[in-house]
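See structure below.
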Amino acid sequence: MARVGVFVCYCGANIADFIDVPAVVEEAKKIKEVKISVLYKYMCSDPGQGMIRDAIVQNRLTSVVVAACSPRMHEKTFRKALSDAGMNPYMLEVANIREHSSWVHQKDKKAATEKANDLIRMAIAKSIANEQLHEISVPVTKRALVIGGGIAGIQAALDIADARIPVTLVEKSPSIGGRMAQLDETFPTLDCSQCILTPKMVDVASHPYIELIPYSEVIELDGYVGNYKAKIKKKASYVDFSSCTGCGACTQKCPVKVPNEFNMNIDKRKAIYTPFPQAVPNKPVIDATHCTMLLKGKCGICAKVCEKGSINFKMVDEVIEREVGAVVIATGYDLWDPKPYEEYGVGRYKDIITSLEFERMVSASGPTNGVPIRPSDGKVPKNVVFIKCIGSRDEAKGIEYCSKICCMYTAKHAILLHHKVHDSHAYIFYMDIRAAGKGYEEFVKRAQVETAATYLRGRVSKIYKKGDKLMVRGEDAQIGQVVEVEADLVVLATAVIAPKDNPSLARLLGVSYDKYGYMSEAHPKLRPVETAKAGIFLAGCTQAPKDIPDTVAQASACAAKVCGLFAGDTLKKDPMVSTINNEFCSGCQNCVKVCPYQAIVTEEIPLGHGSKELRTVAKINEGVCQGCGSCVAICRSMAINLAGFTDPQIINEIVAI
Amino acid sequence: METEVKEAQGKIISAENPDIVAPADWQPVIMGILCNWCSYAGSDLTGTSRIQYPPNIRIIRVPCSSRVDPWFIIKSLQTTADGVLISGCHPGDCHYISGNYFARRRFLVTKKLLNFVGYHENRVQFSWVSAAEGPKFAKVVAKVTEDIKKLGPLHRYKKENF
């Protein structure tokens, strides 16, 4: 028979002033399972916990009820007291008589006391049905998978690998580097992007603990924290990377010219190409959608000029598997297509370009060798109008949020324009200047003062052509007048958006994403790098728009989380998970459908003892189960129970009043 | 179903069964089943903010509103409670990704069933209270208590209570 101890806390005056505590203690004694019922000023204090420990031993208690503050406050404290006394810590129940009674019924002591009595009765009844539970330990595979080889993925991979944990870095394009590799200089210090990024890229390629798999994608992820199994599709590159020396003879001789996406389609690349000269790995791939040999079976020049014989037109996609314990998602961002801005003449006027196109033009290694030009006639522009918030903060045409980086990079563009074309002038139409960050406000000042960029607060209503110039008509809200600027070139600061593959990747990985397609963090403030799925972390713009410093910080935070996860040989987990009773399971699989974590699978077991016929039953992976209890409520044969919140426990509570 | 208070000779009559009457100062018992992450935390916040609400509710903690089996509701009404309040995270905010959506659908059906067997629709109520909505929790409890008081008792009163 159950032997319950009840410990009622005064909580100083917090409980005692509004509840008749001695009466509550006496009331509890009336229940026959209660062997001891006592009160103390502060149960959570050392002497209070000592009292519980002594009582457990002296009265040979089988469960303990503490009537005090919320279990969200001190459940762990009291569980520890139980285990210190040699009792299973999960035999504890907390009756919340402070937050749920004394603090909310301060004007009615009688009712508050009655309610406290009921809450204690319920806790006693529940504790009688409690079962001994033990922490679950799951083994952990100490290898991390990083998806995306931009600066976020690079930083996370390097930090994890530096802790001597093997990393598999998967990048979908032929080279790592991501968006940062496309940038010329970076705010607020105007460091050359390539100069700070390429050493890191080389580190990734040469690091003994990093396995770099370029030109590939994750297509499947099974398992749970510490024990994921990833399937990675290596896309056919038609070039044998192991023998290729990266000499570049093939790319020179290839006759097929294709718009170069790395340079925002400003110039052309070949059908066999490396995305940019500093690419890592510096090996070319064949673009199968344009190669005439692969399309029509004619040409094959690259194979003829390759001295190493690395070209293999018969190569096919290959799927490889890796066992990993944790995943870092770093898929980066895309840019919004400004087509809906028809009144600006987007698509009609060649001299309206996006910021990333401008960035590539001013890049020393870019398609125009660092000189901005007008796409229409190739002339160097003198008056350049920059328009911010194209798509950002625009519910009508684009998205609601602020893209965060445009204020800063537009200031940078004004400065860079001045550096490249000394007699030029920048006009910047803006809504607000958001320059929160170390050295950011000073940087915007620099654009305004040093380069004398004209900042005009207001929206542009229309752009029209006058001769070979573009007339930009907008409002200057500070003087309250319509202004017109004669521009040679117009640069649109288009919004940062989530990559279009994010939702499908999120579904495949089992993490949630928001309405814009960004992956969702577990908590917006306190768990910003974790997803709701244990062991999967977020770095960089895959979670929300970010600048480089924030991205790098978050990537390093991911690395710290991964290292923390891998610190022990096993992972400890709360035992409050669902368990299944095969005897009752009818195999309807409703639980499989409702489980938000895909923790339930089916298995075949013999129909009867020694029988050769099989029947299907559900099987719960306790490593994945988070203990929500959805499956328990949906199970029509009552075969599933949730440890800590079993049906008998809750029904006991209900009928105890 | 009619919602007006049935009173006869200073006694409150059950909306479902005219044979069940209670004295005028009768207080209902309401079973509150709250999810751990939003509504239970919200009810704790009501406490720490010292917002007062009627003392009729008895709170049971479950991990998620999707853990609530309709059986719990029916058992409460059968045995101890005059009304049931179930509260979870706001749709879209479930700690367990999608649990409250399952709960929402399940409750709609449960409510239909309870109506069909003759319970007044206000006997069982559902709400979404986040961990930040202490004042809202107090309001919800006050409203539910008020509603149930109007409906009168669900259980026969022992003689000595009269």
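Computed from a prediction, not measured in an experiment: that's the story for all the values here. Below, chains carry the letters A, B, ... as their sequence lines are ordered, and counting in each starts from 1. Heavy-atom basis, side chains included; hydrogens, waters and symmetry copies ignored.
A:K533 does not touch chain B: none of its heavy atoms, backbone or side chain, sits under 4.5 Å away. Proximity to chain A involves both the backbone and the side chain of B:F72, based on heavy atoms less than 4.5 angstrom apart. Of the atoms belonging to B:A41, heavy atoms from both backbone and side chain fall under 4.5 Å from chain A. Contact of B:V29 with chain A is made through the side chain alone, with heavy-atom distances under 4.5 Å. The part of A:K593 that comes within reach of chain B is its backbone (N, CA, C, O), which places non-hydrogen atoms under 4.5 angstrom from that chain.
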Checklist line | side-chain contact (heavy atoms from CB on, under 4.5 Å) between A:K115 and B:N56, worked out | finding: CA-CA 8 Å; A:K115 183 171 178 180; B:N56 306 66; over 6 Å; no

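Taking each heavy atom of A:M122 and B:I60 in turn, the nearest pair found is CE-CG1, 3.4 Å. The shortest heavy-atom contact between B:Y96 and A:Y597 is CA-OH, 3.1 Å. Closest non-hydrogen pair, B:W37 versus A:R72, comes out as CA-NH1, 4.1 Å. Minimum heavy-atom separation, B:G99 to A:S630: CA-OG, 4.1 Å. Of all heavy-atom pairs between A:T646 and B:R67, the closest is C-NH2, 3.5 Å.
In summary, the aromatic rings of B:Y40 and A:H100 are positioned with their centroids under 6.0 Å apart.
Comparing A:A522, A:A633, A:G629, A:C628 by how many heavy-atom pairs each has under 4.5 Å with chain B, the most go to A:C628. Per-residue counts of heavy-atom pairs under 4.5 Å with chain B were compared for A:A532, A:G627, A:C631; the largest is that of A:G627. When the candidates A:N14, A:V655, A:D108, A:I650 are compared by the number of heavy-atom contacts under 4.5 Å with chain B, A:I650 comes out ahead.
Residues B:R61 and A:E75 are paired through a salt bridge, judged by an N-O separation under 4.0 Å between the basic side chain and the carboxylate.
Counting non-hydrogen atoms of other residues, nucleotides and ligands closer than 6.0 Å to NZ of B:K112 gives a total of 12 or fewer. At most 12 heavy atoms of other shown residues, nucleotides or ligands fall within 6.0 angstrom of atom NZ in B:K75. At most 12 non-hydrogen atoms from other residues, nucleotides or ligands lie less than 6.0 angstrom from NZ of B:K139. Enclosure of atom CD in A:E622 is not indicated, since only 12 or fewer non-hydrogen atoms of other residues, nucleotides or ligands lie within 6.0 angstrom.
Taking 4.5 Å as the limit, some side-chain heavy atom of A:I657 sits within range of a side-chain heavy atom of B:M31. Between B:P63 and A:M576 the shortest side-chain heavy-atom distance does not fall below 4.5 Å. In this structure, the side chains of A:I654 and B:T79 come closer than 4.5 Å at one or more pairs of heavy atoms.
Between the CD1 atom of B:I59 and the CG atom of A:D118 there is a distance of 12.0 Å, given to the nearest 0.5 Å. Considering SG of B:C64 and CG of A:L642, their distance stands at 10.5 Å, rounded to 0.5 Å. Rounding to the nearest 0.5 Å places CD1 of B:I97 at 5.5 Å from OG of A:S512. Atom-to-atom distance recorded for B:S43:OG and A:N96:CG is 7.0 Å, nearest 0.5 angstrom. Atom CD of residue A:E99 and atom CG of residue B:L45 lie 10.0 Å apart, to the nearest 0.5 angstrom. Taking NE2 of A:H105 as the reference point, atom CZ of B:R50 lies at 13.5 Å (rounded to 0.5 Å).
Side chain of B:R58 to backbone of A:L119: no donor-acceptor contact under 3.5 angstrom is found. Side chain of B:Q52 to main chain of A:W103: a donor-acceptor pair is present (N/O by atom type, distance under 3.5 Å, no hydrogens or angles).
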